[in-house]
Amino acid sequence: MKIGLAVALAAGVGVAAWGAAAQDKLAVVKDRQQTMKTLGASMKTIKEYLDGTAGDQAKATESAEKIHQIAQQIPTKFPQGTGMDAVPDSGAKPVVWSEWDKFLGHQKELVAESEKLVAAAKSGDKAKLQAQFAATGKQGCGGCHDTFRQKKT
Amino acid sequence: MRGRAALAALVALSGLAASALVQPALAGTADPARAERGEYVFIAGGCYGCHTDEKRNGKPLAGGRPLATPFGTYISPNITPDRETGIGAWSEAQFHDALRRGIDAHGANLFPVFPYTSYTGMSDDDIADLFAYLQTREPVRQENKPHEVSWPFNWRFTVGLWKLLFFKEGPLQPDPAKSEEWNRGRYLVDAVGHCGECHTPRNFMGAMVKDRYLAGVRGGPDGQNAPNITQDKETGIGGWTDAEIVALLKDGSTPDFDYVGSGMAEVVRNSTGRLTDDDRKAIVAYLRTVPPLPGPPKKK
């Protein structure tokens, strides 16, 4: 009887822990997606400044700094077990973790490109910023998405 | 006796002369003007992506890149001008047959994973230019690997039947009722750029489903998703501005500054990002006339 109770309790605790973990994982994915949206929105702000449709140099610089800051946090946004194989809402492919060093290589590229982006924004030279904006998007964002992200169509 | 030897030598010599006559162009001897134009055809055709095993640092165009499909995994062949393992011994006519008719230098059917279903629409000139360009590339000695495909899809004979059912051979004919720009865009999308090979769903026999043209694919090549690029406003690109579509083709950015991945980043890097602005605009002009269709159902 006592053993049965213990087993039931243990099972209950186990289920609760699993449930919490699943919920935590979903929260991680949602937070990560929000982070990526912030990256996109920051890129957009810079583009608007480049096109002359909105914003100014100060806003563009602020956005570039935001991108540079987020770029450095990316490794912490991808804890083990939060890929699309574990959380259906996620678009992070399992290859993120199976080729973690390669993934980090791309992250470092974004850190480097966004650092140049900040410098270009501060310089006030729009042509320079335009070129660095394209490089950041292509190599920093697209370079990683190419291998590691599965977009939900 | 001596006479016979002399005759034999003469026969051997004339044989050499004859074989010299049918010798294909050697690397480096291609018409420079054609080769130069051919580089652009090469970019528009996105040949580099499938024929280079970038992930394992393979040499350019030496093949060996696996491409997973529902029928198995195909391994791309070597298209460098190496005479033994590449296409260095191919004649221009044989190369033309591969693109126009899906037939290799030995007369065997090519598997339609090589998109001759689209390349067949290319002009004779573009095919010749592309051939000239490939002949100028660095030859790489690398044996082709066998495809990892199970019966009956590994059987080239079945491809013959498949072609009867699904393959329409011949260059795209310009539509005189449409603008030059539109015709150029259609040529880039449907023939050289072979967009539909990924963006149009396939039937159970692997043929593109015409009435779902460019409507998007879930689990396309390498299991990647290819979005709807018809004019549907909800699930396609009907709500995008011309500038936004051009920007995607140029640097991979979407209107909300997400950046494309899933194979398209590679296409932007090797192909659409290196086209002229006029060609990108032509692609947009054509895509604007693609009938809107709803995209594939969302996966739950």
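Sequence lines set the chain letters: A, B, ... in the order given, protein chains first and strands last, and positions in each chain run from 1.
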| said: With a 4.5 angstrom heavy-atom cut-off, is it the side chain or the backbone of A/K93 that approaches chain B, or both, or neither? | reply: side chain

| field | Contact class of A/S42 relative to chain B, heavy atoms under 4.5 angstrom | value | neither

| note | Bottom line for B/S262: the part with an atom under 4.5 Å from chain A's heavy atoms is both

| task | Check each atom of B/D256 against the heavy atoms of chain A and say whether the ones under 4.5 Å are side chain, backbone, both or neither. | result | backbone

| field | Residues of residues 107-132 of chain A with any heavy atom under 4.5 Å of a heavy atom in chain B | value | none

| Positions in residues 44-71 of chain A that reach chain B, provided some heavy atom is under 4.5 Å away | A/K44, A/K47

Just verifying a value: how many Å separate [X] [atom1] and [Y] [atom2], rounded to the nearest 0.5 Å?
| X | Y | atom1 | atom2 | result |
| --- | --- | --- | --- | --- |
| A/H145 | B/E266 | NE2 | CD | 16.0 Å |
| A/Q150 | B/R218 | CD | CZ | 8.0 Å |
| B/Y259 | A/T136 | OH | OG1 | 8.0 Å |

Kindly check if the number of other-residue, nucleotide or ligand heavy atoms within 6.0 Å of [atom1] ([X]) is above 12?
| X | atom1 | value |
| --- | --- | --- |
| B/E36 | CD | no |
| A/Q72 | CD | yes |
| B/E234 | CD | no |
| A/K102 | NZ | yes |

| Between B/D222, B/D258, B/V260, which residue shows the highest count of heavy-atom pairs closer than 4.5 Å to chain A? | B/D258

| message | Within the 4.5 Å heavy-atom criterion, are B/N225 and A/K151 side-chain neighbours or not? | response | no

| note | Scanning both residues in full, the closest heavy-atom pair of B/G263 with A/D146 reads N-OD1, 3.4 Å

| remark: One option among A/G142, A/C141, A/G137 has the most heavy-atom pairs under 4.5 Å with chain B, and it is A/G137

